[in-house]
Protein chains: 2
Amino acid sequence: MAAFTRFALGVHILALLASKRDGAMTSQTIAASANTNPAFIRRLLAKLNKAGLIKSQPGKGGGSQLAKGPKKISLLDIFEAVEAGRIVAAPKTFPENGCYVAANLAPVFRDFTSDAEVAFFSSLSDVSLKQVVKSLKTAAARS
Amino acid sequence: MAAFTRFALGVHILALLASKRDGAMTSQTIAASANTNPAFIRRLLAKLNKAGLIKSQPGKGGGSQLAKGPKKISLLDIFEAVEAGRIVAAPKTFPENGCYVAANLAPVFRDFTSDAEVAFFSSLSDVSLKQVVKSLKTAAARS
DNA sequence: CTGGTCTGTAACCGCCTTAGGTACAAATCG
DNA sequence: CGATTTGTACCTAAGGCGGTTACAGACCAG
């Protein structure tokens, strides 16, 4: 599979912005770092902007920067900003085909899987962008 | 989004098999319950078979049935049987473009997100097929 | 105010995955 | 042998996603 590719790219973007605290960074610069194109980055930046994680400014000398400190941004914030909706798809319900499994599975399935989703989200919310940047710096120092 | 649609269908199939403990069930019957076609069901059954969750027998009077008790089958078993690979995609690495974030993000990202994946999987492994069937029956009785 | 720069967004393309469907060989039982 | 069912190989259609181009709007410098 390998889903949630936007999530990885979103973390990349924010880590980049966090490592350059003074001034703004243009989508062109970010795209160069992530080896992709500026328009795609801007689509992601727009979502991060709507989520209140960054501030963008158009015009000459413009660009994007963090809207708040990296300690106040969790991986969950990033995930929810760039990935829409649920993780686990609900089963379709067919109440009319005479099968009680088909008719009743959906809410039962939802109950159990939402527990797993909460566990996933909760773990993501425990990690701040600051921790990511810190780990990044020590990894860079090692190499 | 709504990923992992096969997971929901896999749970449906196993819940169906678990609710009919005597004898085998054909892919035709299962397909009728899930409102899909027998070939698609058989593809899923093959994976569940390989994972050791069910036993299938070809030929007249054949079909599929559980290979072990519903107490010994967890939602994680089903998930791993029908959904391949990881949940969260790793970021691509570009060590050559001179950006230390791009060069070092992958392992750091992997560390933090694998914690979340483990939390997700662990929650799934806490639920057995027997619990699902039980909840299903009480839901059916209520309606 | 004019030119240059950057964001935000729309539109389009190509790739890949996935569900749906057909078909057929192999296996099994009566 | 004949009927039935699995397992699997293909093909097709639809949707999601990354990549790209294009352009309107905002903003700064001179």
Side-chain angles (χ1 to χ4, degrees), chain A residues 1-10 12-13 17 23-65 67 81-92 94, chain B residues 1-10 12-13 17 23-65 67 81-92 94:
Chain A
M1 276 284 308
F4 307 139
T5 61
R6 288 195 298 274
F7 176 45
L9 196 46
H12 186 142
I13 292 174
L17 293 181
M25 189 176 283
T26 71
S27 62
Q28 178 72 44
T29 309
I30 301 174
S33 162
N35 270 31
T36 181
N37 66 89
F40 186 49
I41 293 293
R42 285 204 292 273
R43 276 199 287 253
L44 246 23
L45 287 174
K47 292 184 190 226
L48 295 170
N49 202 346
K50 267 181 195 136
L53 302 183
I54 65 169
K55 293 283 179 199
S56 297
Q57 196 176 17
K60 190 168 190 170
S64 302
Q65 52 190 314
V82 299
E83 301 283 350
R86 297 255 178 186
I87 297 186
V88 180
K92 306 170 195 161
F94 308 105
Chain B
M1 278 285 311
F4 307 138
T5 60
R6 287 194 300 276
F7 177 45
L9 196 45
H12 186 141
I13 292 174
L17 293 181
M25 190 175 280
T26 72
S27 61
Q28 178 70 47
T29 310
I30 301 173
S33 163
N35 270 32
T36 179
N37 67 88
F40 187 48
I41 293 293
R42 284 204 294 271
R43 275 198 288 258
L44 246 26
L45 286 174
K47 293 186 187 220
L48 295 170
N49 203 344
K50 264 178 198 137
L53 303 183
I54 65 170
K55 292 285 178 194
S56 296
Q57 196 176 18
K60 190 164 189 172
S64 302
Q65 51 190 315
V82 298
E83 301 283 350
R86 298 250 179 191
I87 298 186
V88 180
K92 306 169 196 162
F94 309 104

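Chain naming here is simple, since letters A, B, ... match the order of the sequence lines and numbering starts at 1 in each.
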Using a 4.0 Å heavy-atom cut-off across all strands, classify B:Q57 as base, sugar-phosphate, or nothing. sugar-phosphate

What contact category does A:A46 fall into here, base, sugar-phosphate, or nothing, at under 4.0 angstrom with non-hydrogen atoms?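 Touches sugar-phosphate only.
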
Looking only at side-chain atoms of [X], point me to the closest of [options].
X: B:R42; options: D:dA26, C:dG8, D:dT6; value: D:dT6
X: A:R43; options: D:dT20, C:dA19, D:dC28; value: D:dT20
X: B:F40; options: D:dA26, D:dT8, C:dG20; value: C:dG20
X: A:P58; options: C:dC29, C:dA23, C:dT7; value: C:dT7
X: A:T36; options: D:dG19, C:dT7, D:dT5; value: D:dG19

Does the side chain of [X] get closer than 4.0 angstrom to OP1 or OP2 of [N] through an N or O atom?
X: B:N37; N: C:dT22; value: no
X: B:S27; N: D:dT6; value: yes
X: B:T5; N: C:dT18; value: no
X: A:N49; N: C:dG8; value: yes

Using whole Å, what does the distance between atom [atom2] of nucleotide [N] and atom [atom1] of [X] come to?
X: B:Q65; N: D:dT6; atom1: CD; atom2: C1'; result: 14 Å
X: A:I41; N: D:dG19; atom1: CD1; atom2: P; result: 9 Å
X: A:K55; N: D:dA26; atom1: NZ; atom2: P; result: 17 Å
X: A:I30; N: D:dG19; atom1: CD1; atom2: P; result: 15 Å
X: B:I54; N: D:dG7; atom1: CD1; atom2: C1'; result: 12 Å
X: B:E83; N: C:dA19; atom1: CD; atom2: C1'; result: 13 Å
X: A:Q28; N: C:dT7; atom1: CD; atom2: P; result: 9 Å
X: B:L44; N: C:dG20; atom1: CG; atom2: P; result: 11 Å

Please find the pair of heavy atoms, one from A:N37 and one from A:A31, that lie closest to each other, and give the distance.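 Heavy atoms only, the tightest pair is C-CB, 3.6 Å.
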
Return the minimal non-hydrogen interatomic distance between A:A67 and A:G52, and the atom names on each side. CB-O, 3.5 Å

When rounded to the nearest 0.5 angstrom, what distance separates CG in A:L53 from NZ in A:K47? 13.0 Å

To the nearest 0.5 angstrom, please state how far the CZ atom of A:R42 sits from the CG atom of A:L48.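 So the CZ of A:R42 and the CG of A:L48 are separated by 14.5 Å.
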
Within the modelled atom types, does a donor on one side and an acceptor on the other bring the side chain of A:R6 and the base of D:dG16 under 3.5 Å apart?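 Side chain to base: no pair present.
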
Toward the 5' end of DNA chain D, by each residue's nearest nucleotide, A:K60 or A:L9: A:L9

Is there a side-chain contact between B:I30 and B:L44 in this structure, where contact means two heavy atoms from C-beta onward sitting under 4.5 Å apart?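 They are not in contact (no side-chain heavy atoms under 4.5 Å apart), so the answer is no.
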
Evaluate the side chain to side chain contact (heavy atoms under 4.5 Å, CB included) criterion for residues A:L9 and A:V82: first the C-alpha distance (whole Å), next the side-chain angles of each, then the deciding distance (0.1 Å), finally the verdict. CA-CA 9 Å; A:L9 196 46; A:V82 299; over 6 Å; no

